Trainee: 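Below are the structure tokens for one structure; questions will follow.
In the text below, chain A, chain B and the rest are named by the order of the sequence lines, each starting its count at 1. Values in this document were obtained by computation on a predicted structure and should not be read as measured data.
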Number of protein chains: 2
Amino acid sequence: MAESNKENTENKILNAAKAIFQSKGMDGSRMQEIADKAGINKALLHYYYRSKQVLFEAVFSNAFSLIAPQLNKILDSDLDLFDKIRGFAKNYISFISKHPYLPNFVINELHRNPGFILKLKEKKEFPNFEKFTNQINEYVEKGLIRPIAPEQLFLNLISLNLFPIVGSPLFKLLLNLDDITYKKLIEDRKTEVAEFIIHSIKIK
Amino acid sequence: MAESNKENTENKILNAAKAIFQSKGMDGSRMQEIADKAGINKALLHYYYRSKQVLFEAVFSNAFSLIAPQLNKILDSDLDLFDKIRGFAKNYISFISKHPYLPNFVINELHRNPGFILKLKEKKEFPNFEKFTNQINEYVEKGLIRPIAPEQLFLNLISLNLFPIVGSPLFKLLLNLDDITYKKLIEDRKTEVAEFIIHSIKIK
DNA sequence: GTCTATAGCCAGATAGAC
DNA sequence: GTCTATCTGGCTATAGAC
């Protein structure tokens with residue numbers, strides 16, 4: 001029970017740590033709780049990861065590395081701009097609905113520990129905006145869309161897709177909606193958001 | 001040095017607690033740090049607020065009660081819909097730029113402690129959507145804007161305005177922009193966002 | 001590799017003098 | 001009201017047996 005079990009335990013730890021850290025953050029998480037969730041004890045947790053900090057960084061780094069490829073998959077594709085926007089809304093909302101803590105987790109921890117920013121800048125892959133930027137400028141020149149800064153369009157695209165999910169507890173409260181009604185609202189956005197953006201930029 | 005100083009100390013405590021809690025959250029904040037920032041010691045802090053939890057709830061409740069009136073001020077005004085959207089973008093981005101931690105703080109703590117949701121539902125004032133909803137439906141009927149669910153327009157309005165500020169560390173990293181360039185991008189949004197929305201819904 | 005037991009520290013809370 | 005000193009509990013981390 002050596003090698004294969006080691007893999008097994010390590011995976012159990014990472015999954016447990018991911019669940020706990022992503023929902024409670026670094027400060028709100030307890031090593032004991034992670035150990036319990038992984039079905040082991042604290043000492044073994046420290047045997048695999050010397051410290052809470054090290055374990056946390058493994059989880060954070062992993063979480064962050066999910067984001068960029070997911071963005072690239074669409075931004076960097078060969079689709080027509082309007083289909084790209086439609087595909088992004090449809091896929092990204094599904095993706096984030098499955099990992100609803102991810103964006104807030106990353107934002108919080110980047111803020112809590114700005115040191116991460118430098119670390120990430122060194123090693124990680126970032127989304128490649130060149131194709132997306134070129135495409136937008138090209139569409140503007142051809143008179144297919146009205147002039148807009150690619151960065152602004154990107155901010156709009158992400159904000160419209162992510163924030164209603166990230167901020168769902170707040171929105172539910174403000175709009176006074178129950179879970180089911182709100183979920184339906186989000187489901188509708190898989191098409192709504194794309195149409196909203198396309199209506200805004202497309203020249204008829 | 002009784003009454004007047006009590007007010008004074010209590011204010012110093014609340015301001016210090018607000019600053020610490022809103023940037024570090026409940027779990028990441030230390031009573032010692034709040035005491036230091038208020039220029040007093042821990043014992044006095046506990047004299048005014050029996051426990052960390054009580055102090056935190058005072059700060060949270062106060063933070064939340066800033067949000068609704070700020071929304072109402074515009075949603076519930078007598079402005080033309082398009083001016084309302086323009087006014088919202090201009091004012092709300094300024095407001096949030098001054099309190100950048102507020103939305104995330106509220107979202108995180110609502111998630112961390114869902115008990116707050118019930119408490120808030122009991123006592124707090126919420127934004128009044130009736131006027132806004134009626135106005136949208138009226139504009140749709142008159143053929144001034146294309147059909148859109150008022151809730152979706154609300155989500156779009158808030159998301160476009162808030163998320164680029166809430167998620168600034170993430171966006172700076174993804175777009176690889178320095179603080180000054182990003183700040184300029186946000187500044188531009190005070191007019192960009194409104195035009196983006198109006199282009200999307202207005203029938204020419 | 002995995003466990004039990006415990007060291008050592010840190011933070012919230014209180015006692016009690018002034 | 002405000003302070004110094006201290007209690008108490010909980011949490012990270014390690015020692016050491018199996």
Side-chain angles (χ1 to χ4, degrees), chain A residues 1-62 105 108-109 111-113 115-116, chain B residues 1-63 105 108-109 112-113 115-116:
Chain A
M1 59 144 112
E3 292 293 313
S4 68
N5 240 7
K6 181 179 174 176
E7 289 302 303
N8 214 334
T9 303
E10 182 136 7
N11 266 340
K12 282 193 290 181
I13 290 176
L14 279 176
N15 286 332
K18 198 172 145 182
I20 305 288
F21 278 138
Q22 290 194 14
S23 83
K24 307 194 173 186
M26 170 72 169
D27 298 324
S29 300
R30 297 291 158 251
M31 293 296 266
Q32 184 62 61
E33 199 180 354
I34 294 172
D36 290 347
K37 184 145 200 154
I40 58 169
N41 59 55
K42 271 194 302 177
L44 194 54
L45 199 51
H46 278 94
Y47 174 80
Y48 280 88
Y49 293 88
R50 235 182 307 291
S51 68
K52 186 181 181 183
Q53 183 63 24
V54 168
L55 178 55
F56 180 80
E57 287 185 22
V59 170
F60 181 83
S61 183
N62 188 265
F105 171 69
N108 288 153
E109 302 303 334
H111 166 248
R112 201 183 56 85
N113 183 354
F116 280 141
Chain B
M1 60 144 109
E3 292 293 311
S4 69
N5 240 8
K6 181 177 175 179
E7 289 303 304
N8 214 333
T9 303
E10 183 137 6
N11 266 340
K12 281 193 293 181
I13 290 176
L14 278 176
N15 286 332
K18 198 172 145 183
I20 305 288
F21 278 138
Q22 290 194 13
S23 83
K24 307 194 171 182
M26 170 71 169
D27 298 324
S29 300
R30 296 292 159 252
M31 292 297 266
Q32 184 63 61
E33 200 181 353
I34 294 172
D36 289 348
K37 184 146 198 154
I40 57 170
N41 58 57
K42 270 196 300 179
L44 193 55
L45 199 52
H46 278 93
Y47 174 80
Y48 280 86
Y49 291 88
R50 235 181 308 289
S51 69
K52 187 182 181 182
Q53 183 64 21
V54 168
L55 177 55
F56 179 80
E57 287 186 20
V59 169
F60 181 83
S61 183
N62 188 264
F105 171 68
N108 288 152
E109 302 302 333
R112 199 182 57 85
N113 182 355
F116 281 141

Trainee: Please work out whether the ring planes of Phe21(B) and Phe56(B) are parallel, tilted or perpendicular, with thresholds of 30° and 60°.
Mentor: perpendicular
Trainee: Of all the choices, dC3(D), dT2(C), dT14(D), which nucleotide is nearest to the side chain of Tyr48(A) once you look at every atom?
Mentor: dT2(C)
Trainee: Are Asn41(B) and dT2(D) close enough that a side-chain N or O sits under 4.0 Å from OP1 or OP2?
Mentor: no
Trainee: Counting heavy atoms from C-beta on, name the nucleotide in dT14(C), dT4(C), dT12(D) closest to the side chain of Ala43(A).
Mentor: dT4(C)
Trainee: Can you tell me how far P of dT2(D) sits from OH of Tyr49(B), to the nearest Å?
Mentor: 13 Å
Trainee: If you only use heavy atoms from C-beta on, which nucleotide in dC3(D), dT12(D), dG12(C) is closest to the side chain of Lys52(A)?
Mentor: dT12(D)
Trainee: Look at Arg30(A) and dG10(D) and indicate whether a side-chain polar atom (N or O) is within less than 4.0 Å of OP1 or OP2.
Mentor: no
Trainee: Check the phosphate of dA13(D) against His46(A), side-chain N and O only, distance under 4.0 Å to OP1 or OP2. Yes or no?
Mentor: yes
Trainee: For Tyr49(A) and Glu10(A), work out which heavy atoms get closest and say how close.
Mentor: OH-OE2, 3.2 Å
Trainee: Can you tell me if the side-chain N/O atoms of Thr9(B) get under 4.0 Å from OP1 or OP2 in dT2(D)?
Mentor: yes
Trainee: Would you find a donor on one side and an acceptor on the other, under 3.5 Å apart, between the side chain of Lys52(A) and the backbone of Met26(A)?
Mentor: yes
Trainee: Would you indicate which nucleotide in dA13(D), dG1(D), dG1(C) comes nearest to any side-chain atom of Leu44(B)?
Mentor: dG1(D)
Trainee: Applying side chain to side chain contact (heavy atoms under 4.5 Å, CB included) to His46(B) and Met31(B), what does each step give before you reach the verdict?
Mentor: CA-CA 9 Å; His46(B) 278 93; Met31(B) 292 297 266; 3.9 Å; yes
Trainee: dC10(C) C1' sits how many Å from Asp27(B) CG, rounded?
Mentor: 15 Å
Trainee: To the nearest Å, how far apart are Gln32(B) CD and dT4(D) P?
Mentor: 11 Å
Trainee: Does dC3(D) have OP1 or OP2 sitting under 4.0 Å from an N or O in the side chain of Tyr47(B)?
Mentor: no
